[in-house]
Amino acid sequence: MKILKTISLSKFFDGLKALNKVNIDVEGKTLTLIIGPNGSGKTTFINTVCGFYKPDDGRVYFLDKDITGLPPNKVYEMGIVRTFQIPQPLKRLTVLENLLIAEKNVEGLLSLRHSSWIKKEEEVVEKAFKILEFLKIDHLWDVESYKLSGGQLKLVEVGRALMTNPKMIITDEPIAGIAPALAHEILERFLDLKKMGITFLIVEHRLDIVMGYVDFVYVMANGEVISKGKPEEVMNDPKVVEVYLGVVE
Ligand code: ADP
Ligand code: MG
C-alpha cells in the first residue's frame, strides 16, 4: 500500500523551480531513498511534505488523506515525524531527558529537572528506556548529549522520533559524517523498525553504504524526478550516471 503519495508537487522560490511536478510514492513498510546532486530539491521535498513549506501546486496524500498544505504540527499528528538535529541548548540535557521531552503528551518542560516530575511520568520513562535499549544506547541514559559522538547523537534523534509512535520517519542525511561501523548500525536499526511496521523516507549522499539497505530509490535533479526503481536499476540508469558524473559530493 502506498502510504505517502505526492502528485505533481511543485515549490518555487522567486521563479526557481525547486520542485517541479514531483510524483513520489512511498510504499508502506519500506525504506525509500531520495538521492540527487546538491540543490536538486531533496530537502525542499521533505519540507514541503512535512508542512514547513506550502506547495505552489500539487497534492500530498498520507494514508489516503489529503494533507497538502497542513501545518507541521498537523502533519506530525498524522504520524509523520521528521528527525532534526538536536539543538545546542538541548544538548545540555541527558539522553533520557531528550527522549522525554520529545513525547507528544508531556507537559511541564520547565520542571524537567524536578524529581517529582520524573516520578509522575513513570510510564513515559519506561517507554524511553525501552527505546534506548532497542537502540543500544541505554547505558548512555544519564550522559549529557553534548558528550556523545556524532553517531550516538543520531541514534538519540531516532529515539526522539520513536517517542512519538510514528507511522513514518523522514530523515535528511541520517549517516552524514558518521563512521562506517556506526552508520551501518543506524541503518540496521532502521531495518528492525521497518519490520515493526515503520516506513522510512530518507535522503542520503553516502550511496556506498545506504544502497544495501533500501527497497526503492528516487533520483532527483533540478527539482524533478529523473529516475526511480530498485537500487541496482537506478545505479545502472544512464540518466543517473550522467547527473552524478563529475559531481563530487
Ligand atoms: P538539496 O536538498 O537536494 O541539496 P534543496 O532542496 O536544499 O536541495 O534546494 C533546491 C533548490 O532550492 C536550490 O537551488 C536551493 O538554493 C533552493 N532553495 C532551497 N530552499 C530555499 C529557500 N528557503 N529560499 C530560496 N531558495 C531555496
Ligand atoms: Mg538537502
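All ligand and atom numbering here is 1-based and tracks the order in the structure.
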* Is any heavy atom of the protein nearer than 4.0 Å to atom 6 (O) of ligand 1? ->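 Flag for atom 6 (O) of ligand 1 set to true, protein heavy atom closer than 4.0 Å.
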
* Asked: Are G36 and ligand 1 in contact, using a heavy-atom cut-off of under 4.0 Å?
  -> no

* Asked: Below 4.0 Å from any atom of ligand 1, is there a heavy atom belonging to Y53?
  ->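 Right, Y53 reaches ligand 1.
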
* Give a yes or no on whether N38 keeps an N, O or S atom under 2.8 Å from the Mg ion (ligand 2). => no

* Sub-4.5 Å side-chain heavy-atom contact between D66 and V60 -> no

* Of L19, I35, I226, the residue whose pairing with M220 passes side-chain contact (heavy atoms from CB on, under 4.5 Å) -> L19

* Proximity to ligand 1 by part of L16, non-hydrogen separation under 4.0 Å ->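 Side chain only.
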
* If you draw a 6.0 Å radius around NZ in K21, do more than 12 non-hydrogen atoms from other residues or ligands fall strictly inside? ->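 No - once you tally the heavy atoms of other residues, nucleotides and ligands closer than 6.0 Å, there are 12 at most.
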
* To do: From atom 2 (O) of ligand 1, work out which of T44, V203, T43 has a heavy atom at the shortest distance.
  =>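 The option holding the nearest heavy atom is T43.
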
* To do: From atom 24 (N) of ligand 1, work out which of F13, F45, F52 has a heavy atom at the shortest distance.
  =>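 Comparing heavy atoms across F13, F45, F52, the nearest one to atom 24 (N) of ligand 1 lies in F13.
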
* To do: Name all residues meeting the side chain to side chain donor-acceptor pair (under 3.5 Å) criterion together with K2; count only those two or more places apart in sequence or in a different chain, and write none if there are none.
  => E27

* Any atoms of ligand 1 less than 4.0 Å from a non-hydrogen atom of S40? List them with their elements. => 1 (P), 3 (O), 8 (O)

* To do: Go through ligand 1 atom by atom and flag the ones less than 4.0 Å from a non-hydrogen atom of N38.
  =>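 Counting from 1, the qualifying ligand atoms are 4 (O).
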
* What protein heavy atom sits nearest atom 8 (O) of ligand 1, and how far off is it? -> G41 N, 3.2 Å

* Asked: Tell me: protein heavy atom nearest atom 13 (C) of ligand 1, and distance?
  -> G39 O, 3.8 Å

* Asked: Can you name the side chain to side chain contact (heavy atoms under 4.5 Å, CB included) partners of L70, sequence neighbours left out?
  ->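 Scan of L70 (side chain to side chain contact (heavy atoms under 4.5 Å, CB included), adjacent residues dropped) gives I67, K74, V75.
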
* Establish, yes or no, whether a centroid distance under 6.0 Å links the rings of F84 and Y76. => no

* Can you name the nearest heavy-atom pair linking P166 to A161, along with the distance? -> CD-O, 3.3 Å

* Is a side-chain donor or acceptor of T6 paired with a backbone partner of I24 at a separation under 3.5 angstrom? -> yes

